[in-house]
Amino acid sequence: MSAVMMDGKALSAKVRQRILAETEALKERGVRPGLAVIIVGEDPASQIYVRNKEKACVECGFYSEKYALPAETSQEELLGLIDELNHNPRINGILCQMPVPAHISEQAVIDAISYEKDVDAFHPVNVGKIMIGDFDFLPCTPAGVMELLAEYGIDPKGKRCVVIGRSNIVGKPMAMLLLHKHGTVTICHSRTADLAAVCREADILVAAVGKAKFVTPDMVREGAVVIDVGMNRDNGKLCGDVDPAVAEKASYMTPVPGGVGPMTITMLMQNTLKAARLQNGL
Ligand code: NAP
């Protein structure tokens, strides 16, 4: 078997077109979605992510502001800027690119962003809403995975779903979204005993580990759907958490690059559009 490659780039372009059309309609009612992106320091990967987010804003017809702050910015200064943006009516969504320098508390930054403008869905209020299944914003990477599954007609209902990774930004919310769609979900992590055997039970296997080519063909059941969230550098080349040889066993698989990655930013745009609607009662 050779897996169907799930094209996140194509789906992303399609969803962005839809967002642009909805933005045009909103503009006619006097509302233009606005996103503020903050970056602290010079981390090269973060610079690329922020540039891609700015580009996506242009594509979707959004208003955007970028704040590039020096690495020595104090936590107080950063929280001051967030407070201003919380009160700025042109801004519907606020995102602070992580990681921030070590002298700044990530959680303090997450807590400071108004949960109504928290388009990353990291704020404890939004995390709680996701847990109870009554959410406004979906966490971007897991939401992108769910869109990809839906696009390819893959319904998690009744399926064995295994998520490798339990981070707050990917693993845990990913498991929750699969659960909301009636998957039977197992979350694995670095202390999971006999990980390969657990993975082999999966109809849908999601890898969010952060280790290049971690998932090998022996860990995958013939015909499984394999979603690769990983974005790793292997000798300078971007690669996922899944060994490309897995494509010989999987029925569907996401490539890296061009799978989950493009969907993540598109889901951020979708959240920003929703924030604009909610804040304007539309
Ligand atoms: P993270 O916070 O480092 O979490 C990694 C998880 O993998 C942890 O839960 C860890 O377990 C688990 N793990 C590590 N080694 C393991 C092992 N040997 N066996 C089983 N589990 C193991 O990473 P993250 O932020 O979730 O990101 C994961 C990957 O996704 C990274 O490559 C990241 O770059 C990528 N990512 C991609 C996107 C995108 O848009 N495509 C977005 C976000 C992240 P413990 O909890 O036990 O330590």
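Just so you know, ligand 1 is whichever comes first in the structure, and atom 1 is the first atom listed for that ligand. We're numbering straight along the sequence, starting at 1.
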Which residue supplies the protein heavy atom nearest to [atom], what is that atom called, and how far is it?
{"atom": "atom 11 (O) of ligand 1", "answer": "Ser190 N, 3.3 Å"}
{"atom": "atom 21 (N) of ligand 1", "answer": "His189 C, 3.1 Å"}
{"atom": "atom 30 (O) of ligand 1", "answer": "Val229 O, 3.5 Å"}

Does this structure show an ion pair linking Glu65 with Arg90, if we count only N-O contacts that are shorter than 4.0 Å? no
[atom]: which of [options] has the nearest heavy atom?
{"atom": "atom 13 (N) of ligand 1", "options": "Thr141, Val209, Val198", "result": "Val209"}
{"atom": "atom 6 (C) of ligand 1", "options": "Gly171, Gly210, Ala208", "result": "Ala208"}
{"atom": "atom 44 (C) of ligand 1", "options": "Ile227, Thr264, Val170, Ile187", "result": "Val170"}
{"atom": "atom 34 (O) of ligand 1", "options": "Met231, Arg166, Arg191, Arg233", "result": "Met231"}
{"atom": "atom 1 (P) of ligand 1", "options": "Ala212, Cys188, Ser167", "result": "Ser167"}

Check whether any N or O atom of Phe214, backbone or side chain, sits under 3.5 Å from an N or O atom of ligand 1, and answer yes or no. no
Do Lys249 side-chain atoms and Val220 backbone N/O form a donor-acceptor pair below 3.5 Å? yes
Check for a donor-acceptor pair, side chain of Asp203 on one end and backbone N or O of Arg160 on the other, with a separation under 3.5 Å. yes
Is ligand 1 less than 4.0 angstrom away from at least one heavy atom of Gly261? yes
Applying the side chain to side chain contact (heavy atoms under 4.5 Å, CB included) criterion to Met174, which one of Val185, Ile187, Val163 satisfies it? Val163
Report the part of Thr192 (side chain from C-beta onward, or backbone N, CA, C, O) that has a heavy atom under 4.0 Å from ligand 1; answer both or neither where that applies. neither
One residue to check: Lys211. Relative to ligand 1, which of side chain, backbone, both or neither has a non-hydrogen atom less than 4.0 Å away? side chain
In one Ile/Leu/Val/Met/Phe/Trp/Tyr side-chain cluster, 4.5 Å: Met267, Met269: yes
Element-labelled atoms of ligand 1 that are located less than 4.0 Å from some non-hydrogen atom of Gly165: 6 (C), 7 (O), 9 (O)
With heavy-atom distances below 4.0 Å as the criterion, list the atoms of ligand 1 near Ile169. 25 (O)
May I ask you to test the Ile39-Lys66 pair for a side-chain heavy-atom distance under 4.5 Å? yes
Side chain to side chain donor-acceptor pair (under 3.5 Å) between Asp111 and Gln107, intermediate numbers included: CA-CA 6 Å; Asp111 291 347; Gln107 196 57 49; 2.9 Å; yes
What's the shortest heavy-atom distance between Ala207 and Val215, and which atoms? CB-CG2, 3.8 Å
If only side-chain N and O atoms count, and only distance matters, is there a donor-acceptor pair under 3.5 Å linking Asn232 with Asp241? yes
